[in-house]
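Starting from 1, each residue takes its place in the sequence as its number. We count ligands from 1, going down the list as the structure has it; atoms in each ligand are counted the same way. Computed from heavy atoms alone, side chains included, the values below leave out hydrogens, waters and symmetry copies.
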Amino acid sequence: MDKIVIDGGRRLSGRVAIAGAKNAALPILIATLVAPGEHRLNNVPQLVDVSSMLSLLGRVGCPSLVHGGAVRLDTSRVSFCEAPYDLVRKMRASVLALGPLLARCGEAHVSLPGGCAIGVRPIDQHLKGLERLGCRFELSGGYVHGHVDQLVGARIVLDFPTVTGTENILTAAVLAKGESVIENAAREPEIVDLVNFLRSLGAQIEGEGTSSIRVQGVQALAPKTPYSILPDRIEAGTYLVAGAITGGDVTVERVEPRDLEPAIEILRATGCVVDVGDTWVRVRRHGPVQPVDVTTRPHPGFPTDMQAQFMALLSMAKGRSVVTETIFENRFMHVPELNRLGADVSTDGNRAVVNGVDSMHGATVMATDLRASASLVLAGLAAEGRTEVLRLYHLDRGYERLVEKLQALGADVARVTDDLERLRSAPLAVTQNVG
Ligand code: EPZ
């Protein structure tokens, strides 16, 4: 098992180029199924989750070629309509196959994603919305089996602005007969990117980025031009916190600053200086971190995917901050690990009280989920001494070349495989081969 080893206490400075957004790439990749032909996608992040999604597409009969951030994907033929358990268990975003497979094939067999470290994460809203479009579902053998003869447009009111729920419904509605309206739709930038991609295929959609999205179904869709995935606001926010927590000076490039507004607002409230350009954001911190209360909300509120990272920063504040998590019921798994590094965080339900400490101290910590892992790396950058972060497979799902990017910013960080570690620590055995 790999681990990250950090010798903390260095101020990070420099510029880091941000990759394409994982949570835009995943729905867009699977949405290619609604448009038979050869798709060309650019700025696709090189992540384990993206590889998993391409494996899923390969399983249903759609081969792909990847060269750096460019992906060519041929969805001319779909020979299989299933997202199997062995893929879904690794990546719950496989549930996004429901809408496109139903729209393309009239059927879909998707392993139930099950819960994960951060919560139960049901898909009741996905199924309710797709049923409104004429789909029928039955659950058996740990799978959701969906069928539809003809998708028919409908008005759908979501109980919760679910991101992947909105995406599943959208990717079916584009080929439904007639008009659909999704009320209480998710407003995340990744939804807007998916709509822009679907529009590039010929879909007729309006209202993206608002809570009411209107879709005019069309007969057929086809790839016409290459599409470039929008920048990853969560990756960008993570590096901005890296600059802030180390008292450094970091600029994230190739970003959409508008998507970072909630994070920028909190960074400024902690006392950081944040400058904003057309495609870059710079953070500097000279004085102490000021405590700030943070509550996660659906976009355009403060994103839950940055809660753990900002909690690491607030752990160093001069005072008490309250962090409230309103999206997932169990997204404080990083708290006991942060406390092992010397933080002073206590939780009560969905509320965490963060009493800032003067310094944190290196330790060995365990990653539990993607963003919790990032939080521990950030705390390790600020902690005195050595921190080792285990279970890196979480990080590899969502962060492209994390160690190299941190090294380029001046961090003393390395990725170590256990074999090497074992060799390093094993006593040198000298054997003399007598001829
Ligand atoms: C997406 O997950 C993201 N994943 C998550 O990012 C992100 O944290 C989340 O949206 C919130 O922004 C992808 O886009 C691939 P939700 P999703 O449906 O769609 C409840 C990361 O770190 N809910 O908006 O699964 C659910 O239980 C990941 O990159 C229902 O009750 O999130 C949760 O409490 C983590 N019924 C809440 O809504 C449903 O049918 C938010 O879920 C659907 C959701």
Go through it in stages, so that I can follow the logic: the residues are Ile156 and Leu133, the test is side chain to side chain contact (heavy atoms under 4.5 Å, CB included), and I'd like the CA-CA distance, side-chain angles, deciding distance and then a yes or no.
CA-CA 9 Å; Ile156 295 148; Leu133 298 176; 3.9 Å; yes
Note the single closest protein heavy atom to [atom], along with its residue, its atom name and the distance in Å.
atom	answer
atom 5 (C) of ligand 1	Asp305 OD2, 3.8 Å
atom 24 (O) of ligand 1	Val163 N, 3.0 Å
atom 4 (N) of ligand 1	Asn23 ND2, 3.7 Å
atom 26 (C) of ligand 1	Arg121 CA, 4.2 Å
atom 39 (C) of ligand 1	Pro122 O, 3.1 Å
atom 9 (C) of ligand 1	Phe328 CZ, 3.9 Å
atom 19 (O) of ligand 1	Thr164 OG1, 2.6 Å
atom 36 (N) of ligand 1	Asp124 OD1, 2.8 Å

Quick note on ligand 1: atoms under 4.0 Å from a heavy atom of Arg371 include exactly 21 (C), 22 (O), 29 (O)
Below 4.0 angstrom from a heavy atom of Thr304, which ligand 1 atoms are there? Numbered from 1 as shown, please.
8 (O), 11 (C), 12 (O)
Would Ile327 count as being in polar contact with ligand 1, using the rule that some N or O on each side must be under 3.5 angstrom apart?
yes
Derivation of the salt bridge (Lys or Arg N to Asp or Glu O under 4.0 Å) call for Arg59 and Glu82:
CA-CA 8 Å; Arg59 289 277 190 91; Glu82 180 178 332; over 6 Å; no
Just go through His394, Gln125, Arg331 and tell me whose heavy atom is the nearest to atom 35 (C) of ligand 1.
Arg331
Who pairs with Gln309 by side chain to side chain donor-acceptor pair (under 3.5 Å), at least two apart in sequence or on another chain?
Thr238, Tyr399
Which bit of Thr162 is near ligand 1, meaning a heavy atom under 4.0 Å away: side chain, backbone, both or neither?
both
What's the verdict on salt bridge (Lys or Arg N to Asp or Glu O under 4.0 Å) for Lys405 and Glu235, showing C-alpha distance, side-chain angles and the deciding distance?
CA-CA 11 Å; Lys405 291 185 177 183; Glu235 184 196 18; 2.7 Å; yes
